[in-house]
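We count residues from 1, following the sequence as given.
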Amino acid sequence: LYKSNNMKKLITLLLVLVTLNGYSQKTYPDSIIERLRVKTNYEYPDSVLHYYYQITNYRSSFKYPTKRVRPKKWLHDVDIFIVGDVSDSIMNDITQYVKTMNELLDSIEVKLVSERKGCDILVYFGSGEGYMEYSGNRTIKNYYHLCNGLNWVPGWSGYIYQAEAFINLENTESQKRTKHVMYEEITQCFGLIADSYDYKNSIFYEHYNDLSELSELDKAIIKIHYNY
């Protein structure tokens, strides 16, 4: 079993390195990366740690394109409530997403719930007007038409206490694009909040890509955020 687990880690690391090969990225002071090396028992290459730091320590938004923020995450199990115009196919994708997250996360469990009351993450599929009416959140009224999706992840002292994601079906022209936006916005609700220009093969890539699942790089930074 020990050898099997080590082999799985080696294969995962090789897949991550293939993802990173050929890309340049932002770098951060070595003192910061050294703390992450120690925290993760030197199991990840520095390129992954730099990317993890970027995705968890900066916030991209219309108001603050590169705002520095305090990293935050859930400290308890997470219940997700899905509402709106959701096809059976997308619902199946969400179910698979939850399964994948539970395979990655050691510290918390994620599950879908059938009622909004008491949920931790609300995910709305539909129009901007529909989302504002349903949620009461009208802060997006001047710019929802410009985006494919948005999320709100309030936190306190590094702890996420609630989150919402809006998937704008008026701007996602295909089911594959809807799935990509869904993966990005929901994953950002777990504290991986930044967008990035560094890696095209990442769900957090700022420009358009066709990725409709978590890459090995994305999985690595999710694991770093919650398992160490």
**Student:** Consider only side-chain N and O atoms of Tyr131 and Glu164, and report whether a donor and an acceptor are under 3.5 Å apart.
**Tutor:**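 Present: a donor and an acceptor within the cut-off.
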**Student:** So among Asp195, Asp218, Asn209, which one has a side chain to side chain donor-acceptor pair (under 3.5 Å) with Ser202?
**Tutor:**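 The passing option is Asp218.
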**Student:** Side-chain heavy atoms under 4.5 Å apart, restricted to Ile/Leu/Val/Met/Phe/Trp/Tyr: what other residues fall into the cluster of Trp156, or is it alone?
**Tutor:**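 Trp156 shares its hydrophobic cluster with Leu75, Tyr159, Tyr161.
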**Student:** Show the numbers, then the answer: is there a side-chain contact (heavy atoms from CB on, under 4.5 Å) between Met182 and Phe125?
**Tutor:** CA-CA 9 Å; Met182 172 196 79; Phe125 287 76; 3.9 Å; yes
**Student:** Indicate whether any N or O donor in one side chain lies under 3.5 Å from an N or O acceptor in the other, for Tyr52 and His225.
**Tutor:**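 The criterion, which ignores hydrogens and geometry beyond distance, is satisfied for His225 and Tyr52.
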**Student:** Any heavy-atom pair between the side chains of Phe190 and Ile222 that's under 4.5 Å?
**Tutor:**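 The answer is no, as the side chains (C-beta and beyond) never meet within the 4.5 Å cut-off.
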**Student:** Looking at Tyr183 and Glu213, what are the two nearest heavy atoms and their distance?
**Tutor:**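 Taking every non-hydrogen atom into account, CE2-CA, 3.6 Å.
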**Student:** Partners of Glu103 by side chain to side chain contact (heavy atoms under 4.5 Å, CB included), sequence neighbours excluded?
**Tutor:**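 Once residues adjacent in sequence are excluded, the partners of Glu103 under the side chain to side chain contact (heavy atoms under 4.5 Å, CB included) criterion are Lys99.
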**Student:** Is any side-chain heavy atom of Trp152 closer than 4.5 Å to a side-chain heavy atom of Asn137?
**Tutor:**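 In contact.
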**Student:** Do Met132 and Thr139 make a side-chain contact, defined as non-hydrogen atoms from C-beta onward lying under 4.5 Å apart?
**Tutor:**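 Heavy-atom side-chain distance check fails, nothing below 4.5 Å.
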**Student:** Look up atom CG in Leu112 and atom SG in Cys119, then write down how far apart they are to the nearest 0.5 Å.
**Tutor:**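 Result: 11.0 Å between the selected atoms.
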**Student:** So, taking the atom named OG1 in Thr27 and the one named CG in Leu49, what distance separates them when rounded to the nearest 0.5 Å?
**Tutor:**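 If I round to the nearest 0.5 Å, the distance is 12.5 Å.
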**Student:** Do you know which two heavy atoms are closest between Asn227 and Ser107, and how far apart they sit?
**Tutor:**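 Of all heavy-atom pairs spanning Asn227 and Ser107, the closest is OD1-N, 4.1 Å.
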**Student:** Applying side-chain hydrogen bond (donor to acceptor under 3.5 Å, both in side chains) to Ser196 and Glu206, what does each step give before you reach the verdict?
**Tutor:** CA-CA 5 Å; Ser196 173; Glu206 177 68 13; over 6 Å; no
**Student:** Please say which of Val48, Asn201, Ile203 ends up in a side chain to side chain contact (heavy atoms under 4.5 Å, CB included) with Leu217.
**Tutor:**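 For Leu217, the side chain to side chain contact (heavy atoms under 4.5 Å, CB included) check succeeds only for Val48.
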**Student:** Keeping to residues at least two apart or across chains, list the side-chain hydrogen bond (donor to acceptor under 3.5 Å, both in side chains) pairs with something in residues 117-129.
**Tutor:**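 Qualifying pairs, neighbours excluded: Glu129-Tyr144.
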**Student:** Looking at every heavy atom in both Phe166 and Gly126, which two are closest together, and how far apart are they?
**Tutor:**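 Answer, listing the atom of Phe166 first, then Gly126: CE1-O, 3.4 Å.
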**Student:** Is the closest side-chain heavy-atom distance between Thr178 and Ile167 below 4.5 Å?
**Tutor:**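 When only atoms from C-beta onward are counted, Ile167 and Thr178 do touch, with a gap below 4.5 Å.
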**Student:** Any donor-acceptor pair under 3.5 Å linking the side-chain atoms of Glu109 with those of Asn102?
**Tutor:**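 Per modelled atom types, Asn102 and Glu109 side chains form no pair under 3.5 Å.
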**Student:** For the pair His50 (side chain) and Tyr28 (backbone), establish whether a donor and an acceptor sit closer than 3.5 Å, ignoring hydrogens and angles.
**Tutor:**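 Checked: pair present.
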**Student:** Applying side chain to side chain contact (heavy atoms under 4.5 Å, CB included), can you list everything that pairs with Asn41, at least two apart in sequence or on another chain?
**Tutor:**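 Partners of Asn41 by the side chain to side chain contact (heavy atoms under 4.5 Å, CB included) criterion, ordered by chain and then number, come out as Glu43, Tyr228.
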**Student:** Quick one: does Tyr205's side chain get under 4.5 Å of Leu211's, heavy atoms only?
**Tutor:**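 Tyr205 vs Leu211: side chains apart.
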**Student:** Ignoring hydrogens and geometry beyond distance, is a side-chain donor-acceptor pair present between Thr187 and Tyr97 at under 3.5 Å?
**Tutor:**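 Yes.
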**Student:** Which pairs pass salt bridge (charged side-chain N to carboxylate O under 4.0 Å, His left out) with one or both residues in residues 70-96, sequence neighbours excluded?
**Tutor:**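 Qualifying pairs, neighbours excluded: Asp79-Lys111, Asp93-Lys179.
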**Student:** Listed by chain and number, what are the salt bridge (Lys or Arg N to Asp or Glu O under 4.0 Å) partners of Asp30, not counting sequence neighbours?
**Tutor:**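 In terms of salt bridge (Lys or Arg N to Asp or Glu O under 4.0 Å), with neighbours along the sequence ignored, Asp30 is linked to Arg37.
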**Student:** Yes or no on side-chain contact (heavy atoms from CB on, under 4.5 Å) for Val153 and Gln162, after CA distance, side-chain angles and deciding distance?
**Tutor:** CA-CA 7 Å; Val153 192; Gln162 68 180 60; over 6 Å; no
**Student:** Does a side-chain heavy-atom distance below 4.5 Å link Leu36 with Tyr53?
**Tutor:**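 A side-chain contact under 4.5 Å exists here.
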**Student:** Kindly indicate whether the side chain of Val98, heavy atoms from C-beta on, has any atom under 4.5 Å from the side chain of Thr95.
**Tutor:**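 They are not in contact (no side-chain heavy atoms under 4.5 Å apart), so the answer is no.
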**Student:** I need the minimum non-hydrogen distance between Val86 and Val83, along with the two atoms involved.
**Tutor:**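 Here Val86 and Val83 meet closest at CG2-O, 4.1 Å.
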